[in-house]
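Labels below follow one simple rule: chain letters A, B, ... track the order of the sequence lines, proteins then strands, and each chain is numbered from 1. FYI, side chains are in, hydrogens and waters are out, and symmetry mates aren't considered; it's all heavy atoms of this structure.
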Protein chains: 2
Amino acid sequence: MKRNNKLSLALHTLGHMAAAPEQVFTSEVIAGHNATNPVVVRRVLGLLRVRGLVVSGKGHAGGWRLARAADQITVAEVYDAIGAPFLTAEPLAAEKDCAIVAAMQSTLHAAMAEAEAVLRRHLATRTIADLAKAMAKGAKESRDFRFPPR
Amino acid sequence: MKRNNKLSLALHTLGHMAAAPEQVFTSEVIAGHNATNPVVVRRVLGLLRVRGLVVSGKGHAGGWRLARAADQITVAEVYDAIGAPFLTAEPLAAEKDCAIVAAMQSTLHAAMAEAEAVLRRHLATRTIADLAKAMAKGAKESRDFRFPPR
DNA sequence: GTTTCATGTAACTATTATAGTTACGTGATT
DNA sequence: AATCACGTAACTATAATAGTTACATGAAAC
């Protein structure tokens, strides 16, 4: 997983889990599917586990699976679990006491908060099951996947 | 400018320019106001120049100023000029032919495009002049700010 | 015309966020 | 008891971003 992000890894993995709910996936297998390392997988899926999206087991039959039905897990929940929002208020250090800086921060923060709300609302309409459906349809059709109307 | 971003530097600087339109600012002075380096300032303002938001001059009376009235420059234009959108489609390399990956990309891209549009629309309603107004109102703390002597 | 000053830019270094890796402990299954 | 897979700490590697140095170019001042 070179320069990708946790959200992609998480959604990809959950999509596969949704497509085979009976199956238990080891972090090693998942890592193989994502060109990354098992430890990285455990770290990312660990974020999902504390939010109750997946469960993990140790030992011989150990591994990962969904904690509930795929159509009961929205993409927004995964996004929140990863906790790396695309939109955040600006940091900016210099001249903290400058009124222009304050006005700028206020403007940017308001705009981002609004955009982030739209983003989450959009992602809340999609579930992991929707991702798995694409696989059921087959890879060929999915290459020109179209977002269905709301 | 430790770990801050170009947009903050740009907006802060343009805000000050709007508050003193007749003033010419050198990159050295601007750098001082932002705890950064003159070269960094030139690089960032250079992005604004090619979009016609500011103009620069060399030599003795050289420096930077707005290319047009502050109320004719929207924050969205600055955002676009910086060209570092907060929202971009996911890269993700592994398993390109996976239908789930394609579905995921599609979902994320659609959500981000929608959010980004909201963000830009919001920023388009704000101008650099709005930022300068905050200074005119005068937060107490900002009174000690001084522009460089003519 | 020469000096001075500020931008324009290339090339390099520094910092930092993120991912990758190694190592080993813990608990479950065989 | 042996094996397997997660849990996690600690370290290393990579890459995006910012900072720095150096110098050429052009404009104003003298």
Side-chain angles (χ1 to χ4, degrees), chain A residues 1-10 12-13 17 23-51 53-67 82-88 90-94, chain B residues 1-10 12-13 17 23-51 53-67 82-86 88 90-94 148-150:
Chain A
M1 188 169 69
K2 278 263 163 64
R3 284 295 98 183
N4 284 318
N5 62 47
K6 300 173 190 173
L7 183 58
S8 295
L9 170 57
H12 182 198
T13 302
M17 287 176 175
Q23 193 165 336
V24 172
F25 295 81
T26 68
S27 21
E28 185 136 4
V29 165
I30 297 167
H33 287 163
N34 288 278
T36 186
N37 189 290
V39 175
V40 174
V41 172
R42 285 178 213 143
R43 285 205 283 240
V44 172
L45 294 189
L47 296 172
L48 306 185
R49 187 186 49 227
V50 302
R51 302 290 274 253
L53 305 182
V54 298
V55 292
S56 63
K58 291 182 170 182
H60 259 92
W64 303 82
R65 62 176 176 78
L66 297 181
I82 293 304
F86 292 111
L87 296 168
T88 45
E90 297 300 289
L92 187 63
Chain B
M1 188 168 69
K2 278 264 163 66
R3 283 294 99 183
N4 284 318
N5 61 48
K6 299 173 190 172
L7 183 58
S8 296
L9 170 57
H12 182 198
T13 301
M17 287 176 174
Q23 185 82 40
V24 172
F25 297 82
T26 67
S27 22
E28 185 135 5
V29 164
I30 297 167
H33 288 162
N34 288 278
T36 186
N37 188 290
V39 175
V40 173
V41 172
R42 285 176 214 144
R43 286 204 281 239
V44 172
L45 294 189
L47 295 172
L48 306 185
R49 188 187 48 226
V50 301
R51 302 290 275 251
L53 305 183
V54 299
V55 292
S56 63
K58 291 182 169 183
H60 259 94
W64 303 82
R65 62 176 177 79
L66 297 182
I82 293 304
F86 292 112
T88 46
E90 297 299 289
L92 186 62
R150 240 214 123 114

* To do: Quickly work out the B/Asn34 CG to D/dA18 P distance and round it to whole Å.
  => 12 Å
* To do: Using whole Å, report how far CG of B/Asn5 lies from P of C/dA17.
  => 14 Å
* In whole angstrom, what separates B/Arg65's CZ from D/dA27's P? -> 15 Å
* What is the distance, rounded to the nearest whole Å, between atom CZ of A/Phe25 and atom C1' of D/dC6? -> 17 Å
* Do A/Arg49 side-chain and D/dG7 base share a donor-acceptor contact under 3.5 Å? -> no
* To do: Output, in order, the C-alpha distance, side-chain angles, deciding distance and verdict of side-chain contact (heavy atoms from CB on, under 4.5 Å) for A/Leu45 and A/Ile30.
  => CA-CA 10 Å; A/Leu45 294 189; A/Ile30 297 167; 3.7 Å; yes
* Between D/dA5 and A/Thr26, is there an OP1 or OP2 to side-chain N/O distance shorter than 4.0 Å? -> no
* **B/Glu28 CD - D/dG19 C1' separation (whole Å)** => 14 Å
* Interatomic distance, A/Arg43 CZ vs D/dG7 P [rounded to whole Å] -> 13 Å
* Are A/Ser56 and D/dG7 close enough that a side-chain N or O sits under 4.0 Å from OP1 or OP2? -> yes
* **Heavy-atom donor-acceptor pair, B/Asn37 side chain to B/Val39 backbone, under 3.5 Å** => yes
* Asked: Under 4.0 Å: is that the gap between some side-chain N or O of A/Ser27 and OP1 or OP2 of D/dA5?
  -> no
* Asked: At under 4.0 Å, does any side-chain N or O of A/Arg42 touch on OP1 or OP2 of D/dG7?
  -> no
* Asked: Mapping A/Gly62 and A/Lys58 onto DNA chain C by nearest heavy atom, which one lands closer to the 5' end?
  -> A/Lys58
* Atom pair distance, as rounded to whole Å: CG in B/Leu45 and C1' in C/dT7 -> 11 Å
* Describe the nucleic acid contact of A/Gly46 in one word from base, sugar-phosphate, nothing, applying a heavy-atom distance below 4.0 Å. => nothing
* **Interatomic spacing from CG in A/Leu48 to CG in A/Leu66 - rounded to 0.5 Å** => 10.0 Å
* Can you tell me how far the CD1 atom of A/Ile82 sits from the OG atom of A/Ser8, to the nearest 0.5 Å? -> 9.5 Å
* Write down the distance between CG (A/Asn37) and P (C/dT22), rounded to a whole number of angstrom. => 8 Å
* Enter the inter-axis angle for the ends of the helix from C/dG1-D/dC30 to C/dT30-D/dA1 (five pairs per end, rounded to 10°). => 0°
* **Side chains of A/Met17 and A/Leu53 in contact at under 4.5 Å (non-hydrogen atoms)** => no
* **Gap between atom OG1 of B/Thr26 and atom CZ of B/Arg42 - 0.5 Å precision** => 9.0 Å
* Along DNA chain D (nearest heavy atom to each residue), the more 5'-positioned of A/Val39 and A/Ala61 -> A/Ala61
* Dump the intermediate steps for side-chain contact (heavy atoms from CB on, under 4.5 Å) on B/Arg43 and B/Val40, then the final yes or no. => CA-CA 5 Å; B/Arg43 286 204 281 239; B/Val40 173; 4.1 Å; yes
* Test for a donor-acceptor pair under 3.5 Å between the base of C/dT30 and the side chain of A/His60, counting only N and O atoms. => no
